[in-house]
Amino acid sequence: MKSGRFWAWFVFLLGAAYFFIPLIATIEFSLRMRRGVYSFDAYKVVLGDSQFQATFMFSVIVAVFTILLGVLIVVPTAYWIRLRLPQLRPIVEFVTLLPLVIPAIVIVFGYIRMYGSNSPLPFLGSNLGANALLVIGYAALALPYMYRAVDTGLRTIDVRTLTEAAQILGAGWGTIIARVILPNVLIAVLSGAFLTFAIVIGEFTMASLLNRPAFGPYLQNLVANRAYEPAALSIIAFIITWGCMSLIQILSRFAPKSANRPN
Amino acid sequence: MAEPFLSIQHVRKSFGATTVVEDFNLDVAPGEFVSFLGPSGCGKTTVLRMVAGFEEPSAGKIVVGGKDITRLKPNQRNVGMVFQAYALFPNLTVAQNIAFGLKVGGMPKPDADRRVAEMLDMIKLPQMADRYPYQLSGGQQQRIALARAIAPKPKLLLLDEPLSALDAKVRVSLREEIRSIQKKLGITTIFVTHDQEEALSISDRIAVMYGGRAEQVGTPFEIYNRPATKFVANFVGTLNVLEGKVTDAASGKVQVNSQEVSLKGKLNGSKSGDTLSLALRPEAISLGRQPGHDASLSGEIAEVHFLGSVIRVRVGIGGNTVSLDTFNNSTTPPPVVGDKADISFSSGDMLVLH
């Protein structure tokens, strides 16, 4: 074997070990709830816990609304920037990156001050308002991922010519976005959606400080008080994330193909 | 001309301080096929985009069928357009692409289906209805784009370099197909191209554009044989340009490299002693002195290119080189480089460029 090949394999195996050893250790630990034998007891406890089901469902619903809000904000914005205002792209990209540099705790304190029950916009005065605020906050947190995914998708199609072709055939803006642009960047939107889903499912700070019954605070509570269940929960979260990634791959097979890049 | 169907009146377009179209005027008759021909950056696509509504003129007016459409949005103009990059919607099948404009216009599905089938028959691709654009060749995609543009029965058809992305053979067959469909439907058409052969072969009239202006508007015959400006003469076809000096304006005598030719009646406004640019098409020149040709020059064979049916010969005349074409004749060998040769032509074919 040539030395270059050896080092390539060495680095690959080192990386794989770095990734898989903690994962295997977590799986192994999650199976040791019953003394002396491996069992799925920890998984049974977690999955059977009514609080798990309630918080998980709450976070799933919040994630769905976050994705919808994100798509409604990001797709038209990214499309318009690409079509008419390319000179504004650096500014918009900077704005979309802000949630990465401003900690969630700062955002949520801002929300509490701005939208407290004594403010002119008392979002936090009701459960519905607080949930809406959580969705808005999550949409902001997911902005860097959603915007980049959609913008990358738009880069693969000739936005201007397709828009003009639709316009000259009589289509208005709504029809153009819904029937021409969105279907052609659907996979990019789905990628952004799954990343948003992954962020929302595990998010702790916002949900906890807004006092929402979400999966993140439940997870934290479990980690603080139990031994084997958190490991089982980590593996479940890992499976959900990888399931989402696999779904992106499967769905991309059904994506509209461009004439220039048939495969 | 009868009442024009499309009238572009004093149209100007500026982007910031740069003016790309300057006082452009053109009237197009109903059912006419007019080409905008010119080099890159001459403003031909900008004029087309203003007619489509994608650009708003800085000044001037665009009238279609008696109605001022200058400020209308593209989706309100009832204009069909074919783009250089095909612009088929990748997520839709061929049939769905063609039906797009019909659906947007609110046509009932059975009528739309019938129209789509009609269009597919017209472009001779009825078996392609369920294919996606990526499954088609460039030529097929452009045919579909043409069908899609025509399906909603637009008042005007705009073709923005639709053949540029295709290979040579497909280009020729598709341009003939476009012309035959246009004639059959009688639809008023504007065709943008930088390919002179394309423009000459399919247009009723050509507007040769340069620097944002129409240098000359005329039939292909007029544009080729009677170019109005030096630019048109140089841009359209191959041209031999000779520098000459007027020796006797009254009798039309011009000296070209110390040889005298007579251009009676062609030196309007020139005085004795003026220098002129004279132009001749290769096909107007014969090798040797030919009967019927009243002017001749002597030189030396500089190059001979055998092109099959035609032999292109370059003859050095003083400091100038003149190209001419002769038909290949299997019994006559081609001229030899270095031989002395006379060229002759009819003085009536010589153009004086301004």
Side-chain angles (χ1 to χ4, degrees), chain A residues 71 75-76 78-80 82-88 149-150 152-191 248 250-263, chain B residues 45 48-49 51-55 72-94 96-107 131-138 140-142 144-145 147-154 156-160 165:
Chain A
V71 170
V75 174
Y79 167 64
W80 202 249
R82 214 153 245 292
L83 186 69
R84 291 286 156 88
L85 302 166
Q87 70 277 14
L88 284 187
V150 173
T152 306
L154 287 170
R155 203 173 297 166
T156 62
I157 57 171
D158 187 347
V159 170
R160 190 173 128 163
T161 314
L162 289 180
T163 300
E164 289 179 350
Q167 269 185 309
I168 207 81
L169 288 164
W173 292 115
T175 310
I176 293 170
I177 291 182
R179 290 184 52 194
V180 176
I181 301 302
L182 197 55
N184 284 301
V185 294
L186 200 57
I187 294 309
V189 171
L190 283 174
S191 303
I248 296 174
I250 293 165
L251 287 171
S252 67
R253 289 168 183 242
F254 300 103
K257 296 178 175 73
S258 95
N260 300 328
R261 299 174 306 100
N263 299 309
Chain B
T45 296
L48 190 86
R49 290 175 61 78
V51 176
F54 298 134
E55 305 287 351
L72 284 186
K73 288 177 184 162
N75 56 355
Q76 298 168 333
R77 295 191 177 204
N78 192 16
V79 166
M81 186 157 169
V82 177
F83 298 83
Q84 183 181 348
Y86 322 135
L88 293 177
F89 306 126
N91 56 312
L92 303 180
T93 64
V94 164
Q96 288 167 334
N97 261 284
I98 298 173
F100 187 90
L102 306 173
K103 269 191 171 176
V104 167
M107 186 183 273
R131 301 258 182 108
Y132 281 91
Y134 77 92
Q135 295 170 313
L136 307 174
S137 70
Q140 288 170 333
Q141 286 192 61
Q142 203 57 299
I144 303 298
R148 183 181 68 175
I150 293 171
K153 298 186 179 164
L156 193 64
L157 180 62
L158 308 176
L159 307 168
D160 185 10

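Computed from heavy atoms alone, side chains included, the values below leave out hydrogens, waters and symmetry copies. Here the structure is a predicted model, which is why all the values come from computation and not from measurement. Protein chains get the first letters and strands the later ones, always in sequence-line order, with residue 1 at the start of each.
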Exercise for review: Mind running side chain to side chain contact (heavy atoms under 4.5 Å, CB included) on A:Ile187 and A:Leu190 for me, showing each step along the way?
Suggested key: CA-CA 5 Å; A:Ile187 294 309; A:Leu190 283 174; 4.2 Å; yes
Point to revise | chain B contact via A:Thr175 - which portion, at a heavy-atom distance below 4.5 Å | key: side chain
Practice item. Give the ring-plane orientation class for A:Trp80 versus A:Trp173, where under 30° counts as parallel, over 60° as perpendicular and anything between as tilted. Key: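 Taking A:Trp173 first and then A:Trp80, their aromatic rings stand perpendicular (interplane angle over 60°).
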Practice item. Measure distances from B:Leu88 to the heavy atoms of chain A and classify the residue's part below 4.5 Å as side chain, backbone, both or neither. Key: backbone
Check your understanding: Is it the backbone or the side chain of B:Lys73 that comes under 4.5 Å from a heavy atom of chain A, or both, or neither?
Key ->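 Neither part.
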Review point. Can you check side chain to side chain contact (heavy atoms under 4.5 Å, CB included) on A:Val159 and A:Leu154, steps first, answer last?
Key: CA-CA 7 Å; A:Val159 170; A:Leu154 287 170; 3.9 Å; yes
Review point. With sequence neighbours left out, which residue pairs that include part of residues 163-185 of chain A fulfil the salt bridge (Lys or Arg N to Asp or Glu O under 4.0 Å) condition?
Key: A:Arg160-A:Glu164, A:Glu164-B:Arg49
